[in-house]
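Residues take their numbers from the sequence shown, with the count starting at 1.
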Amino acid sequence: MNSESSTFSRLSINSATTKKWTLAQVVEGCVNAGIPSIGPWRDRVEEAGLDKAARLIKDAGLRVSSLCRGGFLTAPDAEGQAAALADNRAAILEAVALDTRELFLVVGGLAPGEKDVVAARQRVADRLADLVPFAEEHGVRLVLEPLHPMYAADRALISTLGQALDLAAPFDASTVGVAVDTFHVWWDPELKAQIERAGRENRIASYQVCDFNMPIAADPLLSRGYMGDGVVDFATIGTWVRDAGYTGDIEVEIFNQGIWDTDGNTVLATVKERYAELVLPFA
């Protein structure tokens, strides 16, 4: 292994970072950039076709660090719950086909007109219990991703790593894990303790990195940035994750219109530079 391949041996590109690229273009870009792993979103896989997507990635010699995403488990009605379970079971089978154990779950927010957060969170726990046997049967880990609290109403009622770990607690760590995404958790005053807890419980399934840009974009989904462009302390968080025992892929996931409008090869080059400077020394 040469020095550059060693430097980037854990780097993964989430396909959302190069949103305008097809899956084939992401694969080609990663191969050309010497990035050994990708984290595809399901829409890109669907566009390519599942079997073709799996062959494309395998033939390129890339790993699949994770599949994004399942989840949205908060439907209050039986029809919505059945649809969510069917979609998540399909996502589990897609993860198997793509040869990844890690399926991200964004758990979902409040139903339209709903205000009972406690009841909605209980539905997440109930649907997770419904999914676990199927995931366990297929060797897939459901990865609970806490999202920044500004997304609680519409995307994820789980906002902290501690909440995610509590939700995971009834299940074996090989079947339900958690993600540490710097954009979502950097602010949490309990983050160090909860990362340590996640390490003790062997539940860290993914470490995702990007920055939290200020000011917040008009569409808050698009406030992510290259590492170093915002307020995240990658040295501190990375050290905590490393000390908790995580040695897996480090996935870069960026939602940012300016980055999406940039040539994808330029984006990957910038990601590599920022990763080597700001992330790798503490991983």
Side-chain angles (χ1 to χ4, degrees), residues 8-72 86-107 131 135 138-145 147 155-156 177-184 205-210 221-222 224 226 248-256 259-260 262-265 267-272 275:
F8 299 108
S9 63
R10 297 174 62 196
L11 177 59
S12 178
I13 296 295
N14 184 286
S15 69
T17 303
T18 52
K19 186 176 178 64
K20 293 185 177 181
W21 270 359
T22 65
L23 181 63
Q25 288 173 308
V26 180
V27 168
E28 181 182 13
C30 286
V31 170
N32 291 340
I35 296 171
S37 183
I38 65 171
W41 273 65
R42 293 176 69 199
D43 58 348
R44 289 291 174 260
V45 172
E46 183 179 10
E47 287 172 0
L50 180 58
D51 292 342
K52 181 179 177 181
R55 289 195 307 271
L56 183 70
I57 295 168
K58 183 177 180 179
D59 290 349
L62 300 179
R63 296 190 304 276
V64 178
S65 54
S66 70
L67 178 64
C68 288
R69 59 176 162 61
F72 289 87
D87 182 65
N88 279 276
R89 289 177 180 130
I92 289 167
L93 296 179
E94 291 164 21
V96 172
L98 294 168
D99 196 25
T100 181
R101 289 197 66 244
E102 317 299 353
L103 173 65
F104 269 69
L105 300 188
V106 174
V107 298
L131 282 174
H138 290 88
V140 170
R141 178 159 49 179
L142 305 174
V143 182
L144 300 173
E145 182 178 21
L147 267 58
R155 284 181 173 80
V178 298
V180 178
D181 182 326
T182 56
F183 177 84
H184 292 304
S206 180
Y207 180 38
Q208 285 189 328
V209 294
C210 75
L221 278 176
L222 306 184
R224 292 173 174 252
Y226 291 120
D249 287 324
I250 300 172
E251 192 173 301
V252 178
E253 182 186 50
I254 303 175
F255 293 73
N256 181 296
I259 292 172
W260 289 345
T262 301
D263 171 72
N265 294 304
V267 171
L268 297 189
T270 303
V271 165
K272 288 177 66 177
Y275 173 86

- Message: Under 3.5 Å, is there a donor on one side chain and an acceptor on the other for Glu251 and Ser65?
- Response: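 Ser65 and Glu251 do have a side-chain donor-acceptor pair below 3.5 Å.
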
Is it the case that over 12 heavy atoms from other parts of the model lie below 6.0 angstrom from the [atom1] atom of [X]?
{"X": "Glu47", "atom1": "CD", "value": "yes"}
{"X": "Glu28", "atom1": "CD", "value": "no"}
{"X": "Asp43", "atom1": "CG", "value": "yes"}

- Message: Are the side chains of Trp21 and Leu268 in contact, using a 4.5 Å heavy-atom criterion?
- Response: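 Result yes, sub-4.5 Å side-chain heavy-atom pair found.
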
- Task: Describe, in one word, how the ring planes of Phe255 and Trp41 are oriented to each other, choosing from parallel (under 30°), tilted (30 to 60°) and perpendicular (over 60°).
- Result: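 Rings of Phe255 and Trp41: perpendicular, over 60°.
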
For the backbone of [Y] and the side chain of [X], can you confirm whether one donor and one acceptor N or O come within less than 3.5 Å of each other?
{"X": "Thr182", "Y": "Cys210", "result": "yes"}
{"X": "Arg10", "Y": "Gly248", "result": "yes"}
{"X": "Arg224", "Y": "Glu253", "result": "yes"}
{"X": "Thr17", "Y": "Ile254", "result": "yes"}
{"X": "Arg42", "Y": "Gly70", "result": "no"}
{"X": "Thr18", "Y": "Val26", "result": "no"}

- Task: In sequence, state the C-alpha distance, the side-chain angles, and the governing distance for Lys58 and Asp99, and then conclude on salt bridge (charged side-chain N to carboxylate O under 4.0 Å, His left out).
- Result: CA-CA 9 Å; Lys58 183 177 180 179; Asp99 196 25; over 6 Å; no

